[in-house]
Amino acid sequence: MSGRPQQRPGRASCMRQLRRRLVTGLALLLLAQSQAAVDALKEPTSLLEKAWLQRDVVATLQGVRSSADPLSRPVRASTAEQHHSTKHFPGRNVEQGHSSRLAHNDGKTSQPESPRRGQVGSPSAAWQHVLRQQASLRRSHRIGGRRVSKAARALLQQGRPRGPWLKLHRLFTDGVVISQDDGIIGGFANEGARVLVTLTGSGEDESRLMAQQMAKADAKGRWWVSLGPLPPGGPLRLTASLRGGTTVVVEGVLIGLVWLIAGQSNIVFSLADAVRSGAQPWALKAQQTIAAADSPAGRSLPVRLFEVPMSRSRWEYSNLAEHGTLHLGRHDDITGSGAWRPLSGEVAQQLSAVAVLTAKRLAGALPDTPIGIIQVAEGGTSIMEWLPDDDVEAVRAQLPAPDPHFPPSALWNGAVAPLAGMLHLAGIVWYQGETDAGITATFQPWTLYQQLLGRLMQSWRRNLQLLPRTPFTIVQLPPYRSRYRPEDDPQPQFGLNHWPAVREAQRQAVLNNGPADLVCLLDLGDGLQVHPPNKVTVADRVAAALLHQLGRGDQPWIGPTLAEAEFSADGGALLRFEGVGEGLRRAAHTEEAASARELPRGGPLGCFELRGGDGVWRPAAEAVIVPAASVRLRASTGAAGVAAPQRATGVRMAWADAPTGCLLTGSHHLPAVPFVYEQGL
């Protein structure tokens, strides 16, 4: 036969064919082994989620090629790198690898090895590791070249439903409380799909049409609609449907006001925890509250509470997690029911005591308005975990080394960001800072936490797509006297004299990032418990602040606050306060006495300090109330009264973890807000 001889395929062509087949096989294997991945892929998938899946395919391909090549062996990853070998899907996590903190079957927890050079251990190395992870995530849609990108896209498309599909955001389940101000509803559907959203009566009143709007899904498959201002009430029926296709129905919908309550362990603290503490009278009051919630009157309150499923993530979820993990690198039972629950004895025991008690106070003050409380809280967390990535990056140079198991922005990504655009809030309550008291003590002055809290307030309003003037209520840290002894622990978790630094940061953040209110807890607790069991007083003050923000309450929630400081030539100062009611008072620094017993007038106050020209803080020699809203301070004179007093350049009040001595209050027995004032700042 004439013509050119048939050539055998070259080595490069064979390798390309082998690579394509290998990628296809691995893709099918991943789908077959993880039904969770298949279910998750039916939801809208963002570019970063696609990128992460593609990166997993490429990494697996590279690992197989390395193990098959006798001239190249895979390099053993460090503990932290193994920890970050994780596949993520929207709403679900499928973990690979093991963490050095993974608990073994014997119940003990192995400790991570000491970091070697180049591994996570120093601040710079830890940050470099986190930044490499973020950078690789941003670049991952280009890893592996064009052929691998096509394979990854094909893999993603295999898990998608072929026909029309519709899904509500997980916030919209039976019993949901929708804001009466704009009635936002949202969910997911095919790109460009038109969704008809209808709100009607329920039961015998089913034919009554309350509102109806058409929404269109954007390029990412997200849709939302505002049903406009609605009268408070319910229960109603919510229906979302595609033309000639899927219909989703939600029953028991209430129209009212919704608040978000967030923070760490003092928000997680439940009424059951108060009962277990045995501290009286608060354990008894907690039992009475639980019993009242189980009564017919308690169950009939129009109150619904939603506990957000808590999940950490390396990127922002588009929906609340259905299954997830709080510790990257190991499986945990996810916390948070992800359902709207009416008030009952069981709910009162399980959910946040502050959330439950605040909801009851609001329902009592607003009897015709359903109350919705969204709880998003996790104990032992730093404020860095709650900040969006852009805000963390802006202050990265000032931050301590991050823990790779609890990286910055992880809780924002997995628990808070999914709420973006899906709700209208009457306000946000933030009770956090205990963990950052230790970080502030070790690494930075108190201005760092002030900056971080200010960024959180601004970014949550912006990134959750709330109104620019959505009010915050910041709860100050209560007294806590650390039982620290240097010989036992040279690096205590909570450093001495740094809780007041966080309190001052909270005060300054409220002043500079309004609208916002402050709740002072300086008169609560015995100073020996980081979780004071008295959440009744906390909820009373928080609810009073929230009602004030609505213009519906006249009960005071905040004590006297510093209005002006004037320094005199003799080294003393005159302080003027506002919010004193009928005048300033002295009270004993115990929880019960501060609210029940007033000390005789005219006596000294022992909670003020003056800073001289040498920059040293010294206790004021005398502090006397000058009727009715001022305090006059006299400076110390020095050894044997010989040294002349210096003109003061600063003054501060109650600057201690757990202040002792007399407490300054107003006529309403609320404690004066602790402060530090420095001339020229």
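This one's a predicted model, so the numbers in the text were calculated from it and none came from an experiment.
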Is [X] reaching over with its side chain to a backbone N or O of [Y], donor-acceptor style, under 3.5 angstrom?
X      : Y      : result
Ser352 : Val268 : no
Trp655 : Pro674 : no
Thr358 : Ala355 : no
Arg304 : Val176 : no
Asn513 : Met457 : no
Arg503 : Ala656 : yes
Ser409 : Trp412 : no
Gln264 : Gly433 : yes
Gln432 : Thr381 : yes
Asp657 : Trp499 : yes

So, taking the atom named [atom1] in [X] and the one named [atom2] in [Y], what distance separates them when rounded to the nearest 0.5 Å?
X      : Y      : atom1 : atom2 : result
Lys535 : Trp282 : NZ    : CH2   : 11.0 Å
Met384 : Leu387 : CE    : CG    : 9.0 Å
Ile373 : Ile261 : CD1   : CD1   : 4.5 Å
Ile185 : Trp224 : CD1   : CH2   : 14.0 Å
Gln451 : Ile383 : CD    : CD1   : 10.5 Å

- [ ] Quick one: list whatever passes side chain to side chain donor-acceptor pair (under 3.5 Å) with Asp182, sequence neighbours left out.
- [x] His424
Task: With sequence neighbours excluded, residues passing side chain to side chain donor-acceptor pair (under 3.5 Å) with Arg652 - done: Glu609
- [ ] Mind running side chain to side chain contact (heavy atoms under 4.5 Å, CB included) on Asp391 and Leu456 for me, showing each step along the way?
- [x] CA-CA 8 Å; Asp391 292 284; Leu456 181 140; over 6 Å; no
Less than 4.5 Å apart, any side-chain heavy atom of [X] and any of [Y]?
X      : Y      : value
Leu521 : Gln476 : no
Gln458 : Arg455 : no
Leu522 : Val673 : no
Leu663 : His669 : no
Phe306 : Leu260 : no
Phe472 : Arg461 : yes

Open item on the list: If you apply the rule side chain to side chain contact (heavy atoms under 4.5 Å, CB included), what do you find for Ile371 with Val177, and how did you get there?
Closed with: CA-CA 7 Å; Ile371 303 299; Val177 180; over 6 Å; no
Give me the atom names and distance for the closest heavy-atom approach of [X] to [Y].
X      : Y      : answer
Pro367 : Pro302 : O-CG, 4.4 Å
Gly372 : Trp340 : CA-CZ3, 4.0 Å
Leu168 : Gly186 : CD2-O, 3.7 Å

TODO: List for me each residue that meets ring-ring contact (aromatic ring centres under 6.0 Å, His included) alongside Trp430, sequence neighbours excluded, and say none if there are none.
DONE: Trp386, Trp460
Task: salt bridge (charged side-chain N to carboxylate O under 4.0 Å, His left out) pairs, two or more places apart, involving residues 266-292 - done: Asp273-Arg276
Open item on the list: By the ring-ring contact (aromatic ring centres under 6.0 Å, His included) test, which pairs, at least two apart or in different chains, include something from residues 501-539?
Closed with: none
Only distances under 3.5 Å count here; give the side-chain donor-acceptor pairs of residues 547-560 to other protein atoms, sequence neighbours excluded, each with its distance to 0.1 Å.
unit_1, atom_1, unit_2, atom_2, d
Gln549, NE2, Thr473, OG1, 2.9
Gln549, NE2, Asp517, OD2, 2.9
Trp557, NE1, Leu518, O, 3.3

- [ ] Go through the steps to decide whether Val429 and Gln375 satisfy the test side chain to side chain contact (heavy atoms under 4.5 Å, CB included), and finish with yes or no.
- [x] CA-CA 10 Å; Val429 178; Gln375 172 187 331; over 6 Å; no
